[in-house]
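As structure tokens, the structure follows; a few thoughts come after it.
Because the structure is a prediction, the values reported are computed rather than measured.
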Amino acid sequence: MGWYTEHVVDTGRAPALFALVGFVVTFVLVRSVTRRIRARGETDRPPSPATGQGARRRTLLGDVSIGGVHVHHQVWGILLVLLTGMLEFRYSPGHPWSEVLALLFGAGAALALDEFALWLYVDDVYWSEEGQRSIDAILVGGAIGGALLLSASPVGVTSDGSQSGWVAYTVTVVVHLALALVCILKGKLATGLVGIVVPVVALVGAVRLAKPPSFWARRRYAHRPHRLARAQARFGARYQARWERVRTLVGGRADDDPPRPAA
């Protein structure tokens with residue numbers, strides 16, 4: 001406990017640690033449950049009128065409905081994030097209650113972001129190709145949570161309090177945020193968001209090629225066909241296939257994905 005107190009509690013990283021733990025554990029549990037429900041739905045068959053066989057099995061795992069309306073788990077996540085935020089802003093509790101609120105906040109964030117695609121498309125696309133946007137949101141959220149845990153300052157630098165120190169601090173922050181903005185303009189939203197917390201990520205993302213459909217590529221590569229060709233090659237079918245494998249590994253196969261051949 002001495003190491004934990006010295007390196008986590010005393011440095012102010014305890015809430016970030018508990019929020020990340022709540023986020024990861026909740027996402028793993030929720031995806032496990034939803035994949036189990038989906039698998040059960042694919043194997044269950046309606047009962048035969050002649051034999052009565054094939055009825056659905058009774059189980060504790062199932063969708064939650066209130067008054068005949070299916071309540072998505074993002075609702076509970078949004079409510080949990082709002083509740084923990086209000087309690088933190090109002091009472092600002094110290095150790096250990098700040099860690100408890102952070103744990104619940106991380107759990108609520110995971111519940112909400114796991115259905116991020118429903119926010120985006122305003123439709124139940126959980127298991128569709130569009131629903132994979134939720135996996136992107138989860139990966140970005142986890143990366144930002146990990147970066148906040150490892151970094152003492154959200155922008156990677158601190159000021160020593162002197163006038164020259166504040167000038168250097170301001171310049172560094174402006175340059176750093178500008179690099180993160182360049183990443184976003186290049187179509188690398190995840191890189192830009194993570195780069196806000198980790199300066200080296202923003203730098204690498206800013207100097208590398210933009211994605212072909214991005215604002216940066218449309219404005220800067222229009223008269224540079226060789227750069228556009230390089231960008232299309234880098235972010236082509238192989239790049240998309242790699243990301244699709246990661247999404248499938250983390251969140252499960254979408255309904256409109258081609259099924260994998262049997263071993």
Side-chain angles (χ1 to χ4, degrees), residues 1-30 74 76-114 116 136-184 188-206 250:
M1 291 300 293
W3 181 92
Y4 173 79
T5 302
E6 179 181 355
H7 295 282
V8 179
V9 177
D10 293 344
T11 58
R13 290 185 169 93
L17 173 62
F18 276 80
L20 183 60
V21 170
F23 184 87
V24 173
V25 171
T26 301
F27 170 72
V28 171
L29 291 177
V30 167
Q74 67 168 337
W76 312 115
I78 293 171
L79 293 176
L80 194 54
V81 167
L82 291 174
L83 176 62
T84 54
M86 288 188 296
L87 291 175
E88 174 64 28
F89 292 146
R90 173 60 182 87
Y91 297 106
S92 299
H95 174 75
W97 295 109
S98 61
E99 286 87 339
V100 174
L101 290 180
L103 183 71
L104 296 176
F105 178 88
L111 290 171
L113 289 180
D114 187 54
F116 173 77
D136 297 341
I138 285 291
L139 293 174
V140 171
I144 293 177
L148 288 174
L149 175 61
L150 298 176
S151 179
S153 172
V155 293
V157 295
T158 56
S159 172
D160 59 7
S162 65
Q163 183 176 359
S164 59
W166 273 110
V167 171
Y169 174 80
T170 303
V171 171
T172 303
V173 170
V174 170
V175 172
H176 173 55
L177 294 181
L179 293 175
L181 177 61
V182 170
C183 292
I184 295 174
K188 307 172 185 179
L189 179 60
T191 303
L193 293 177
V194 175
I196 294 176
V197 191
V198 185
V200 67
V201 173
L203 176 62
V204 172
V250 174

### Task
Sequence neighbours left out, what passes side chain to side chain contact (heavy atoms under 4.5 Å, CB included) with Val175? Give chain and number order.
Val171, Leu179
### Leu181 CG to Ile196 CD1 distance, which is reported to the nearest 0.5 Å
9.5 Å
### Summary
Shortest non-hydrogen pair, Ala147 vs Val198, comes out as CB-CG2, 3.4 Å
#### Entry: Set of residues satisfying side chain to side chain contact (heavy atoms under 4.5 Å, CB included) with respect to Ala16, sequence neighbours excluded
Leu149
### Query
Would one find more than 12 heavy atoms of other residues, nucleotides or ligands at under 6.0 Å from atom CZ of Phe105?
no
### Query
What heavy-atom pair brings Gly108 and Leu80 nearest, and what distance separates the two atoms?
N-CD2, 3.6 Å
### Task
Sequence neighbours left out, what passes side chain to side chain contact (heavy atoms under 4.5 Å, CB included) with Thr191? Give chain and number order.
Cys183, Lys188, Val201
### Atom pair CG/CZ of Leu150 and Arg13 - distance to nearest 0.5 Å
7.5 Å
### Summary
Closest non-hydrogen atoms of Pro93 and Ser98, given as atom of the first, atom of the second and distance, are O-CB, 3.4 Å
### Summary
For residues 101-114, the salt bridge (Lys or Arg N to Asp or Glu O under 4.0 Å) pairs (sequence neighbours left out) are Arg31-Asp114
### Message
Please list all pairs meeting side chain to side chain donor-acceptor pair (under 3.5 Å) that have one or both residues in residues 76-96, counting only residues at least two apart or in different chains.
### Response
His95-Glu99
### Task
Measure the CG-CD1 distance between Leu113 and Ile78 for me, rounded to the nearest 0.5 Å.
9.5 Å
### Partner set under side chain to side chain contact (heavy atoms under 4.5 Å, CB included) for Leu83, not counting sequence neighbours
Leu87
### Query
Side chains of Phe23 and Ile138: does their closest heavy-atom pair fall under 4.5 Å?
yes
#### Entry: 4.5 Å side-chain heavy-atom contact, Phe116 and Asp136
no
### Rounded distance (nearest 0.5 Å) linking atom CG of Leu111 with atom OG1 of Thr26
6.0 Å
### Message
Which heavy atom of Gly192 sits nearest to which heavy atom of Ile184, and what is that distance?
### Response
CA-CG1, 4.1 Å
